[in-house]
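Step one of this worksheet: look at the structure below.
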Amino acid sequence: MIRSSCCRKLSTQCKTNAWTRFPQHGFSTQSGLFPEEHMIHTSPQISDFNSHAYASMLQNCIINGESTTGKSLHCHILKRGGCLDVFAYNVLLNMYVKSDLLSDAHKVFDEMPERNTVSFVTLIQGCAMALRFVEGIELFFRLHREGHELNPFVFTTILKVLVSMEWAELGWGVHACIQKLGHGSDAFVGTALIDAYSACGLVDPAREAFNEIIHKDMVSWTGMVTCYAENGFFEEALELFSRMRMVELKPNNFTLVSVFKALLGVGAVDVGRSIHACALKMRYEMDPYVGAALLDLYTKTEDIEDARRVFEEIPKDDVIPWSFMIARCSQSDRSEEAVELFCQMWQTLVMPNQFTFASVLQACATMAGLDLGKQIHCHVLKVGLDSNVFVSNALMDVYAKCGKMENSVELFMESTNRNDVTWNTLIVGYVQLGDGDKALNLFLDMLGDQVKATEVTYSSVLRACAGLAALEPGTQIHSLTIKTIYDRDIPVANALIDMYAKCGSIKEARLVFNMMSKRDLVSWNAMISGYSMHGLGVEALRIFENMQKTGIRADKLTFVGVLSACSNTGLLDKGQAYFNSMVYDHGIDPCIEHYTCMVGLLGRLGHLDRAVNLIEEMPFEPTVMVWRALLGACVTHKDVELGRISALRVLEMEPQDEATYVLLSNMYATARRWDNVASVRKSMKKKGVKKEPGLSWTENQGTVHYFTVGDASHPDMRLIYGMLEWLNMKTKKAGYVPNCDAILLDVDDDEKSRLLWVHSERLALAFGLIRTPFGSPIRIMKNLRICMDCHAAIKCVSKVVQREIVIRDINRFHHFQNGTCSCGDYW
DNA sequence: CGGCAACTAA
């Protein structure tokens with residue numbers, strides 16, 4: 001009687017707690033799986049405290065996922081002071097484990113009057129589900145210590161835990177134990193072993209485990225096929241699959257997934273199609289995993305139509321097929337399609353996840369679709385995924401690629417989750433927009449924030465250095481890459497070659513190139529165009545010939561380098577031959593850059609008529625670069641009329657291009673057509689052409705020293721002007737005659753000569769001569785084309801002072817040495 | 001009363 005009243009009391013308690021708060025999980029009369037409330041009091045089994053009845057009711061709770069009901073049953077048992085048998089306790093334990101209530105499970109486990117192997121295995125499962133692997137392992141040891149039976153269930157369970165922990169050492173011990181007990185022949189244990197070895201990439205031991213299984217079932221075969229497929233043994237996977245069919249085991253959906261993966265690995269799409277047909281016959285086409293594997297197969301082999309067909313067929317109530325298609329479209333340059341799919345998905349009410357957003361935003365970034373990006377940004381906020389690091393990185397990338405760095409920075413400032421990609425996105429954004437200074441500052445902040453720089457970081461900041469022609473920072477970053485071993489990364493090494501070449505250290509560039517153990521197309525292209533921009537055409541062509549021997553196929557950019565090397569060096573026959581070879585041997589359609597090189601090459605050697613013919617013949621509208629190339633040739637070869645036409649074409653496209661006015665004026669002056677010189681000056685004034693201030697700079701001991709024309713602001717100015725006086729005297733003696741045509745101002749020749757000697761590049765040169773040790777090269781950068789007279793003067797200086805002088809102007813590098821320049825006086 | 005295998009990926 002006492003028991004009964006307790007029970008009544010408890011049942012009302014439970015009713016208020018469970019029934020009112022969770023009506024949907026309460027005692028369900030409709031399901032018929034649980035007795036109605038009054039039945040608890042009247043049921044004879046329960047009043048007799050029948051463990052078996054509780055066990056079966058708890059089992060029903062597990063099947064139906066009714067943890068609340070299970071809990072109240074537990075309450076009943078406790079209140080009645082009842083003592084279940086070990087079987088019923090195990091079911092109770094399992095009920096808590098399956099309801100993700102590990103601490104309750106632990107409590108039950110501790111309170112059980114006796115435990116058996118099943119109790120341990122059940123709790124270990126719970127620990128594994130809650131990712132508390134160490135606890136699981138401890139229970140395994142305790143099970144062993146307390147002398148419970150080590151049956152196959154124990155091993156399948158513990159092997160799974162070990163795989164999750166990636167604890168191989170203990171795995172071997174467990175395998176030894178399995179063999180000692182002879183459980184290796186058990187299909188379940190054997191398959192768990194296969195999976196464990198597969199996860200470690202140990203295919204041979206997995207195969208041994210497979211061979212030991214006496215009665216191999218479907219799962220064992222599939223496990224082994226999967227092991228091969230996962231570890232890149234695609235042929236073996238397919239071979240085992242066909243053997244499996246010979247023993248007349250029908251593959252299931254699991255098998256098919258691995259087979260499709262293996263087929264993708266060997267690129268056998270056609271076989272894939274026939275197995276796809278089998279899958280249809282076996283009605284597995286609606287399995288989401290099979291669907292995803294098929295999408296994987298068809299999208300990776302560029303067979304988008306088949307992929308689309310699969311996609312149309314399979315169920316789309318899950319985010320994965322959508323994400324899959326969107327991701328693959330974004331990655332394979334079908335951004336519009338990716339966006340379209342995203343819109344469709346949005347309408348089906350399937351919730352996009354972080355992957356979906358990251359992928360569709362990637363498509364937006366590729367398309368530079370700002371409005372679209374903003375709309376998706378709104379969706380991201382709505383869904384609350386804006387704090388996800390992948391999504392916010394992708395958003396930052398969209399804004400950066402659309403040139404909206406301020407928005408990108410804003411997101412960066414707000415972000416609470418940052419990783420290396422976050423920093424890289426911003427750095428790459430600045431580099432792409434040509435803001436190298438900001439990129440480098442951000443790199444320093446990144447290092448200060450203890451974020452590890454990656455290959456992407458290094459190659460980007462090196463690109464920034466290349467753009468800024470900043471040799472010293474570039475060299476420092478080079479040492480950082482060596483320290484972190486990232487210098488062995490091909491893109492980083494390629495960026496180093498480019499950086500050294502663009503900073504004037506072509507020898508260092510070659511050194512990096514030589515040190516590379518593996519080179520790709522970009523490495524060769526970087527080296528070829530590096531030599532080309534330094535006027536070392538013969539070296540460039542030698543590199544190109546070596547490249548041919550490696551079997552790496554040349555592309556458009558390779559030939560831009562090769563042809564500009566010919567152009568910069570004046571190798572007409574070779575240039576023509578390479579141009580033909582490009583078209584006929586390499587099957588590359590010439591683009592406007594190739595034609596520009598050829599126009600420059602013909603023009604440089606005085607074949608102005610042929611250059612004009614080529615312009616007329618080429619299948620493109622000539623760009624400003626083409627006309628500039630022709631203008632340069634006209635200046636050199638004193639063809640005033642053609643030069644005038646070329647200059648007008650340039651000015652039509654870029655009316656504010658001061659350099660062109662200067663060239664035009666110089667040309668007229670050389671031809672002594674003074675009235676034309678005056679009209680050029682007039683039209684410059686009329687059009688309000690702003691002279692871009694000429695700026696030259698040189699690095700010295702970590703500081704960049706800038707000079708403008710006639711600059712007197714540098715602290716070493718007295719020394720610099722002293723040096724210039726001395727150079728003036730020495731070069732005059734060595735035969736240098738000032739070319740006053742380079743000065744457009746209407747002043748007398750003495751004054752013109754004086755003005756020439758305060759050109760920014762000469763100030764920088766004088767500073768370099770004062771501040772650098774004898775014998776070391778002097779590197780100067782200029783933001784405009786080097787002036788003709790400076791070019792002549794510096795050639796002379798290089799002989800007088802016996803120093804190598806490297807000047808990078810807006811077009812190329814000039815290596816002055818012993819009275820000559822690597823450009824051969826043509827640039 | 002307990003155990004083994006498969007999907008996207010910035």
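Predicted model, so just to flag it, every value in this text is computed and none were measured. All values below were derived from every heavy atom in this structure, side-chain atoms included, with hydrogens, water molecules and symmetry-related copies excluded. Proteins get letters first, then strands, A, B, ... in listed order; numbering begins at 1 in each.
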Hits for side-chain contact (heavy atoms from CB on, under 4.5 Å) against A:Lys452, two or more places apart or cross-chain, chain-then-number order -> A:Tyr486
- request: Assign A:Asp318 to base, sugar-phosphate, or nothing according to its heavy-atom contacts below 4.0 angstrom with the strands shown.
  value: nothing
(Q) Any donor-acceptor pair under 3.5 Å linking the side-chain atoms of A:His106 with those of A:Glu135? (A) yes
Rounded to whole Å, CG of A:Asn151 lies from P of B:dC4 at a distance of 13 Å
Taking donor-acceptor contacts at under 3.5 Å, does the side chain of A:Thr191 reach the base of B:dC4? yes
When rounded to whole Å, the CG to P distance for the pair A:Asp186 and B:dG2 reads 16 Å
Under 4.0 angstrom, heavy atoms only, what part of the nucleic acid is A:Ser258 near: base, sugar-phosphate, or nothing? nothing
In numerical order, the residues of residues 451-459 of chain A whose heavy atoms come under 4.0 Å of DNA chain B are none
Looking only at B:dG2, B:dT8, B:dC4, the nucleotide nearest the A:Lys160 side chain is B:dC4
Can you find a side-chain donor-acceptor pair between A:Asn90 and A:Asn116 that sits under 3.5 Å? yes
> Can you find an N or O donor on one side and an acceptor on the other, under 3.5 Å apart, linking the side chain of A:Asp397 with the base of B:dA10?
Replying inline: no
With a non-hydrogen cut-off below 4.0 angstrom, is A:Val118 in contact with a base, only sugar-phosphate, or nothing? base
Check: Reckon A:Asn94 touches a base, only the sugar-phosphate, or nothing at all at heavy-atom distances under 4.0 Å?
Finding: sugar-phosphate
In whole angstroms, the gap separating C1' of B:dG2 from CE of A:Met95 amounts to 16 Å
Exercise. After noting the C-alpha distance and the side-chain angles of A:His379 and A:Phe357, does the key distance pass the side chain to side chain contact (heavy atoms under 4.5 Å, CB included) rule?
Worked result: CA-CA 9 Å; A:His379 291 328; A:Phe357 277 117; 3.9 Å; yes
- request: Could you tell me whether A:Ser359 contacts a base, only the sugar-phosphate backbone, or nothing, with contacts defined as non-hydrogen atoms closer than 4.0 Å?
  value: nothing
Using a cut-off of 4.0 Å on non-hydrogen atoms, how would the nucleic acid contact of A:Thr117 be classed: base, sugar-phosphate, or nothing? base
note: A:Ile158, atom CD1; B:dC4, atom P; distance rounded to Å ~ 13 Å
- Counting only side-chain N and O atoms of A:Gln331, is one of them less than 4.0 Å from OP1 or OP2 of B:dT8? no
message = Is it the case that the base of B:dG2 and the side chain of A:Asn116 share a donor-acceptor contact (distance under 3.5 Å, atom types as modelled)?
response = no
- Does CG in A:Asp333 sit with more than 12 non-hydrogen atoms of other residues, nucleotides or ligands closer than 6.0 Å? no
Does atom CD (A:Gln344) have a neighbourhood of more than 12 heavy atoms from anything else shown, all under 6.0 Å? yes
Query raised in the report: When the aromatic ring centroids of A:His74 and A:Tyr96 are compared, is their separation below 6.0 Å?
Result: yes
